[in-house]
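Here the structure is a predicted model, which is why all the values come from computation and not from measurement.
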Amino acid sequence: MSTDQDLLTDGRLTDGLLAHPYAVYDRLRDTAPVHRVTGPDGSPAWLVTRYDDVREALANPLLSLDKRHALPGGYKGFALPPALDANLLNMDPPDHTRIRRLVGRAFTTRRVEQLRAPIRRTADHLLDVLGTSGGPHGSTDLIAAYAAPLPITVICDLLGVPDGQRRDFRAWTDVLVAPDPARPQAAKEAVVAMLGFFTQLLAAKRKEPADDLLSDLIAVRDEGGREGSDRLSEDELMSLAFLILFAGYENTVQLIGTAVLALLQHPDQLAALRADPSRLPAAVEEFVRYDGPALLAIRRFPREDVTISDVTVPAGETVLLSLAAANRDPRRFPDADRFDLGRDATGHLALGHGIHYCLGAPLARLETEIALAALLERLPDLKLDGDPGDLRWRPSLRARGLLALPVTY
């Protein structure tokens, strides 16, 4: 066990972790498998960094996501009102099983594959706009112009969110993922705005149902479910809509951005992918392994004392599982810090493991594949605009992503 007490505070080591997470995690992983640290809000936590330990912990039923198992004063993550907090990220079976079964029907690989053509149309439209504004040559921030609007359009279309309300949701999400210390009230204001947004949206869908996922979930709630046990409370319904929209947008934005950056920084890998685009589905696995959208899994709380790599973690204390450190563990992935599209990256933990494996993983994979395929086809001379050292990353331990990705084309 290590005691890097300042690792996750607002001090010097946090700055290093945010700017150079993999170098910091390499050191921590080599020093010890489990570290006693200070969480993002100043409360104590345990950080797990090695692949085998993280994988086992992700599937350990003794590590609960339910905050009712947390000791007072521990790190619990987002502070949300009950109407947004009753979501899958805070649940264990049987509630987790019940709700995941209801919504999982919309995110099977077969159902998601039916979205391939609409996603490609959205990608082409966004690239058409770039061509219209910049002509045959131009420059842009690829996050703002492409990586962000693509997934927000896809997930909002799936849920049935009207066009005029999408820009506000993006702004609220940005505030929650990376709170500004200079504006401590901004996160609370964003939560209040989101609560109002979903209250109005559910009311509108109840009045005029449509052919979308949110209308289907409302029907499950209001009609009591197709089976006696398939029921949603009103808080669960609203929380589920929040989680699908929030996670369905946020993670894919980060993944598309870091994938494009990895390719631009490794021209040999980019050339190989251009030469054989059929490798894209497998390449997505290396993108998420090499620089995935989350540094940490959702915090967990032991129901009873648990042992992780010979370290006993007391019941109720906070456990943080480093997906980023696990995915760069050379014990599992040889030469793990090397970006290699020829690598067999299956088994990575970027999208979780066990019953809490990312519900939207098939959609995130498909969107990333299509986003990159369209870029490779239509912007053959895409290049990074400026010094890679000048790129700015989100000041967040929750999400690993670029604030902007300036490119020329």
Asks: Under a 4.0 Å N-O cut-off, is there an ion pair linking E236 with R98?
Replies: yes
Asks: Exactly one of L321, I298, L63, D53 should register a side chain to side chain contact (heavy atoms under 4.5 Å, CB included) with L58. Which one does?
Replies: L321
Asks: What's the verdict on side chain to side chain donor-acceptor pair (under 3.5 Å) for N90 and D66, showing C-alpha distance, side-chain angles and the deciding distance?
Replies: CA-CA 5 Å; N90 296 317; D66 190 333; over 6 Å; no
Asks: Using every non-hydrogen atom in the two residues, find where I119 and L150 come nearest and quote the distance to one decimal.
Replies: O-CD1, 4.0 Å
Asks: Is a donor on one side and an acceptor on the other found under 3.5 Å between the side chain of T122 and the backbone of P118?
Replies: yes
Asks: Is the distance between the ring centroids of W172 and F246 under 6.0 Å?
Replies: no
Asks: Could you check if a side-chain atom of I244 sits within less than 4.5 angstrom of a side-chain atom of L213, using non-hydrogen atoms only?
Replies: yes
Asks: Can you tell me how far apart CG (L382) and OH (Y409) are? Round to the nearest 0.5 Å.
Replies: 10.0 Å
Asks: Are any non-hydrogen side-chain atoms of L201 and L159 less than 4.5 angstrom apart?
Replies: no
Asks: Is it true that R331 and D329 make a salt bridge, defined as a side-chain N closer than 4.0 Å to a carboxylate O?
Replies: yes
Asks: Is a salt bridge present between R166 and D157, judged by a nitrogen-to-oxygen distance below 4.0 Å?
Replies: yes
Asks: Working note: L384 + L261, criterion side-chain contact (heavy atoms from CB on, under 4.5 Å); need CA distance, chi angles, decisive distance, verdict.
Replies: CA-CA 8 Å; L384 193 62; L261 176 62; 4.3 Å; yes
Asks: What's the separation between atom CG in L237 and atom CG in L214, rounded to the nearest 0.5 Å?
Replies: 6.5 Å
Asks: Indicate yes or no: does R110 engage E113 in a salt bridge with an N to O separation below 4.0 Å.
Replies: no
Asks: Yes or no on side-chain contact (heavy atoms from CB on, under 4.5 Å) for F287 and L255, after CA distance, side-chain angles and deciding distance?
Replies: CA-CA 8 Å; F287 292 134; L255 180 52; 4.3 Å; yes
Asks: Measure the shortest side-chain to side-chain distance between R289 and F333 over non-hydrogen atoms and say whether it is less than 4.5 angstrom.
Replies: yes
Asks: K205 and D212: which non-hydrogen atoms are nearest, and at how many Å?
Replies: NZ-OD2, 2.7 Å
Asks: Can you find a pair of side-chain heavy atoms, one from Y22 and one from D291, that are under 4.5 Å apart?
Replies: yes
Asks: Check for a donor-acceptor pair, side chain of S215 on one end and backbone N or O of A210 on the other, with a separation under 3.5 Å.
Replies: yes
Asks: If you round to the nearest 0.5 Å, how far is CD1 of I308 from CG of D52?
Replies: 13.0 Å
Asks: On the 0 to 90° scale, with breaks at 30° and 60°, tag the Y290-F339 ring pair as parallel, tilted or perpendicular.
Replies: tilted
Asks: Taking R400 for its side chain and Q254 for its backbone only, find out whether a donor-acceptor pair lies under 3.5 Å.
Replies: no
Asks: Please check this pair: side chain of N87 against backbone of L84, looking for a donor-acceptor N/O pair closer than 3.5 Å.
Replies: yes
Asks: Show me the pairs that pass ring pair (Phe, Tyr, Trp, His ring centres under 6.0 Å) and involve residues 96-120, at least two apart or across chains.
Replies: H96-H356
Asks: Sequence neighbours left out, what passes side chain to side chain donor-acceptor pair (under 3.5 Å) with R343? Give chain and number order.
Replies: E286
Asks: Could you give the distance from CG (L264) to CG (L270), rounded to the nearest 0.5 Å?
Replies: 6.5 Å
Asks: Stepwise, does the side-chain contact (heavy atoms from CB on, under 4.5 Å) test hold for L195 with F242?
Replies: CA-CA 9 Å; L195 189 56; F242 162 74; over 6 Å; no
Asks: Are more than 12 heavy atoms, taken from residues, nucleotides or ligands other than Q114, located less than 6.0 Å from that residue's CD atom?
Replies: yes
Asks: Is H266 close to D268 at the side-chain level, that is, under 4.5 Å between some pair of heavy atoms?
Replies: yes
Asks: Rounded to the nearest 0.5 Å, how far does CD of Q265 lie from OG1 of T258?
Replies: 10.5 Å
Asks: Could you check if a side-chain atom of R101 sits within less than 4.5 angstrom of a side-chain atom of T97, using non-hydrogen atoms only?
Replies: yes
Asks: So does R394 pair up with E250, basic N to acidic O under 4.0 Å?
Replies: yes
Asks: What's the verdict on side chain to side chain donor-acceptor pair (under 3.5 Å) for D235 and S233, showing C-alpha distance, side-chain angles and the deciding distance?
Replies: CA-CA 5 Å; D235 282 353; S233 70; 5.6 Å; no
Asks: Where do H35 and T49 come nearest, in terms of heavy atoms and distance?
Replies: CD2-CG2, 4.3 Å
Asks: List for me each residue that meets ring pair (Phe, Tyr, Trp, His ring centres under 6.0 Å) alongside Y357, sequence neighbours excluded, and say none if there are none.
Replies: none
Asks: I would like to know whether L263 and L273 meet side-chain contact (heavy atoms from CB on, under 4.5 Å); could you show each step before the answer?
Replies: CA-CA 9 Å; L263 288 174; L273 201 54; 4.1 Å; yes
Asks: Taking side-chain contact (heavy atoms from CB on, under 4.5 Å) as the test, write out the residues that go with R55, two or more places apart.
Replies: Y51, L349, H353
Asks: Measure across A83 and S239 and return the closest heavy-atom pair with its distance rounded to 0.1 Å.
Replies: O-OG, 2.9 Å
Asks: Does D385 reach the main-chain N or O of T408 with its side chain, forming a donor-acceptor pair under 3.5 Å?
Replies: no
Asks: Measuring from atom CD1 of I256 to atom CG of L405, what distance do you get when rounded to the nearest 0.5 angstrom?
Replies: 11.5 Å
Asks: Testing the basics here: between L391 and P406, what is the closest heavy-atom pair and its distance to 0.1 Å?
Replies: CD2-CD, 3.7 Å
Asks: Side chains of D85 and K67: does their closest heavy-atom pair fall under 4.5 Å?
Replies: yes
Asks: Quick check: closest heavy atoms across L341 and A283, and the distance to 0.1 Å?
Replies: CD2-CB, 3.8 Å
Asks: Indicate yes or no: at least one non-hydrogen side-chain atom of L402 is less than 4.5 angstrom from one of W393.
Replies: yes
Asks: Taking side chain to side chain donor-acceptor pair (under 3.5 Å) as the test, write out the residues that go with D92, two or more places apart.
Replies: S64, R303
Asks: By side-chain contact (heavy atoms from CB on, under 4.5 Å), which residues pair with P330, not counting sequence neighbours?
Replies: R29
Asks: Pick from L363, L366, T252: which one makes a side chain to side chain contact (heavy atoms under 4.5 Å, CB included) with V154?
Replies: L363
Asks: Hey, mind stepping through E377 and R120 against salt bridge (charged side-chain N to carboxylate O under 4.0 Å, His left out) and telling me if it holds?
Replies: CA-CA 12 Å; E377 290 175 23; R120 180 58 197 248; 2.9 Å; yes
Asks: Does E317 come within less than 4.0 Å of R300, counting only side-chain N to carboxylate O?
Replies: no
